[in-house]
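This one's a predicted model, so the numbers in the text were calculated from it and none came from an experiment. One-based numbering, in listed order, for ligands and for the atoms of each.
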Amino acid sequence: MPNPVAPRPPELLSPWHSEARAALQAEARAFARDVVMPVADECDPQKAEMPRSLIDAMAAKGWFGITIPTEHGGLGLGVFEYCLVSEELARAWLSVGSILARGQGLGTQTLDDGRRAALLRNSAQGRWIGGIALSEPTAGSDLAGVQTRAVRDGDAWVLTGTKRWAGFALAADFIEVLARTREPEPGEPRSAGLEPFLVVKEPGTFPPGMTGQVIDKIGYHGFLTWQLELDGVRVPESDRLTGLYGDVGADADSGGFAAVQRGLNIARVHTAARAVGVARAAVEDCQAYLQEREQFGHPIGAFQALRFALADMAAEVAQARAFWQQVAHLLDQGEPAESESAMVKLLATEMAVRVTNQAMQLHGGNGYTTERRVERYWRDARLTTIFEGTSEIQRRIISDRMLPRA
Ligand SMILES: Cc1cc2nc3c(=O)[nH]c(=O)nc-3n(C[C@H](O)[C@H](O)[C@H](O)COP(=O)(O)OP(=O)(O)OC[C@H]3O[C@@H](n4cnc5c(N)ncnc54)[C@H](O)[C@@H]3O)c2cc1C
């Protein structure tokens, strides 16, 4: 597979530029090119999970703890740096940009402060990497419809139900499972009674009472994605979590989810940054291909229609990057930025679908083969408007802050 070393399209100098950020970006960019890309080229066609050695290499750089405070062993940086690294990793392989979200303190929100501190340290070191099991066969956008039951039994909870789309569930150290502990009282939001539970497990196995079946996806390889059957999974009371952070596309206004809003907003801007990474990959490959491929006696990059198409793609990527950087900055300043997070998720992911589609067109027949990476970018970009809350759900969040609710 050709590995184009095209000059990159121009990058806007961000108003939030600093030497430290430029150094982190350069480090992640080199890692993505030299370490991630060869693994992606080998594993993606096999629909294989990323190797543990790749995760360990990212852990050694401290990237599972970018946003974890230094006193807990993290890098103590912000959402901005988290997204900066993720964009670079996703430029090589979307799933590698995603796995960082499975550290960053996920699965540490326990009631016991001592345990929480220990888990945070493990999370920062890449030794506490989680799966997230919120969605179900009948509850996706509408997470308040979750039917998995948590029933109290002595000092434990017993979980029973079916979860769908749980990425990385087998390889994980734990799975966060959203379950219903009680029915909502009259007047309460439908999400009342939904609580996250920490299912601790050995990587490579499922715990007693849980079985899993791999869902055969068309992209987003590097993660295996599971349908899980829970039949009496026991969770001690101490592993009932106080908060939740992850792939939620649910109604963020409902009271039960209010506490997780910041986590949702971070997930949305993180998805936008990953989408920018994938779209940038498509632009950079086109930049090389337009110089390499000749027709009618010229490189196809001589045709103005194609030059202008490339310019439009590069401009769209630059715009989306500037937007995620703005929203990440707002979140780091402690702003709620709810609409902005939904807007950037919506715009950046829709952009990635358009740009990767155009990239395939510019590659002609060669784009529609597995000999070039552009088909991978196209398949992976297509997911970004669906997971972490669909485009329609983002539009709903934005419009609900503009108009009275119907
Ligand atoms: C590859 C992959 C990985 C995933 N990883 C995880 C994971 O690790 N953990 C996890 O818990 N989940 C995960 N998900 C689930 C993901 O979050 C859901 O797929 C997503 O939230 C959409 O839910 P759904 O698929 O049930 O679609 P549905 O909710 O059934 O939506 C179908 C269509 O209806 C539209 N729609 C729904 N409600 C409305 C509305 N109110 N207004 C307008 N339109 C609406 C949607 O936008 C969509 O177009 C993953 C999904 C995929 C595909």
Side-chain angles (χ1 to χ4, degrees), residues 44 47 49-50 90 93-104 106-107 129-148 159 161-172 174-180 190-191 194 196-199 212-228 230 241 244-254 257 260 263-264 267-268 270-271 274-275 278 342 345-346 349-350 352-353 376 379-400 403 405-406:
D44 193 83
K47 301 188 174 183
E49 218 152 32
M50 67 185 78
W93 206 14
L94 176 63
S95 53
V96 176
S98 303
I99 190 90
L100 290 194
R102 306 311 182 86
Q104 316 303 332
L106 179 74
I129 301 179
I132 304 173
L134 313 179
S135 309
E136 298 187 353
T138 56
S141 300
D142 181 18
L143 276 186
V146 157
Q147 291 180 4
T148 294
L159 308 187
T162 304
K163 289 293 178 181
R164 188 157 167 82
W165 304 117
F168 203 66
L170 185 66
F174 65 91
I175 306 174
E176 275 201 22
V177 176
L178 189 65
R180 179 166 288 292
R190 287 170 59 235
S191 57
L194 287 179
F197 291 85
L198 188 62
V199 176
Q213 203 166 15
V214 174
I215 300 172
D216 189 17
K217 302 171 305 214
I218 62 167
Y220 201 40
H221 303 310
F223 273 173
L224 292 181
T225 300
W226 296 85
Q227 174 140 333
L228 302 175
L230 285 71
L241 295 174
L244 168 72
Y245 166 60
D247 186 345
V248 180
D251 181 353
D253 275 347
S254 49
F257 289 128
V260 306
L264 298 183
R268 287 180 190 132
H270 179 237
T271 308
R274 285 179 284 164
V278 175
K345 200 280 178 184
L346 171 67
T349 59
E350 294 286 343
V353 171
R376 180 166 91 221
R379 283 185 284 111
D380 282 352
R382 195 62 197 81
L383 174 63
T384 63
T385 64
I386 296 172
F387 74 170
E388 306 276 8
T390 63
S391 290
E392 290 75 17
I393 293 300
Q394 306 309 320
R395 291 186 181 104
R396 188 179 152 190
I397 293 166
I398 298 161
S399 59
D400 280 355
L403 296 170
R405 244 165 124 153

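The contact set between ligand 1 and Arg102, taken as ligand atoms under 4.0 Å from a residue heavy atom, comprises 8 (O). In summary, the atoms of ligand 1 found under 4.0 Å from a heavy atom of Ser141, numbered by their order in the structure, are 22 (C), 23 (O), 28 (P), 29 (O), 31 (O), 37 (C), 38 (N). Taking every heavy atom of Gly167 and a limit of under 4.0 angstrom, the matching atoms of ligand 1 come to 7 (C), 8 (O). Less than 4.0 angstrom separates some heavy atom of Thr390 from each of these atoms of ligand 1: 22 (C), 46 (C), 47 (O). Under a 4.0 Å criterion applied to the non-hydrogen atoms of Glu392, ligand 1 contributes the atoms 43 (C), 44 (N), 46 (C), 47 (O), 49 (O). Each of the following atoms of ligand 1 lies closer than 4.0 Å to a heavy atom of Leu383: 1 (C), 2 (C), 52 (C), 53 (C). For ligand 1, the atoms lying closer than 4.0 Å to a non-hydrogen atom of Lys217 are 1 (C). Residue-ligand proximity, Ile132 to ligand 1, at heavy-atom distances under 4.0 Å covers atoms 7 (C), 8 (O), 9 (N), 10 (C), 11 (O).
Of the charged side-chain nitrogens involved, none lies within less than 4.0 Å of a carboxylate oxygen, so that Arg274 and Asp380 do not count as a salt-bridged pair. Note on Lys163 versus Glu136: salt bridge recorded, some NZ/NE/NH1/NH2 to OD/OE distance being below 4.0 Å.
Between Phe168 and Phe223, the angle of the ring planes lies from 30° to 60°, which puts this pair in the tilted group.
A distance-only check finds no donor-acceptor pair linking the side chain of Arg268 to the backbone of Lys345 [under 3.5 Å]. In this structure a side-chain-to-backbone donor-acceptor pair under 3.5 Å is missing from Arg180 to Gly145.
The shortest N or O to N or O distance between Ala133 and ligand 1 is not under 3.5 Å. At a 3.5 angstrom cut-off on N or O pairs, Leu134 counts as close to ligand 1. Considering backbone and side-chain N/O atoms, Ser135 comes within less than 3.5 Å of an N/O atom of ligand 1. Not a single N or O atom of Arg164, backbone or side chain, sits closer than 3.5 Å to an N or O atom of ligand 1.
The distance from the CD atom of Glu388 to the OG1 atom of Thr271 is 3.5 Å, given to the nearest 0.5 Å.
The two residues Leu241 and Phe197 have their closest heavy-atom pair at CD1-C, 4.3 Å.
Side-chain contact, Arg396 with Ser399: no donor N or O sits under 3.5 Å from an acceptor N or O.
Proximity of Arg396 to ligand 1, defined as any heavy-atom pair under 4.0 Å, is confined to the side chain (atoms from C-beta onward).
At least one side-chain heavy atom of Leu106 sits under 4.5 Å from a side-chain heavy atom of Ile132.
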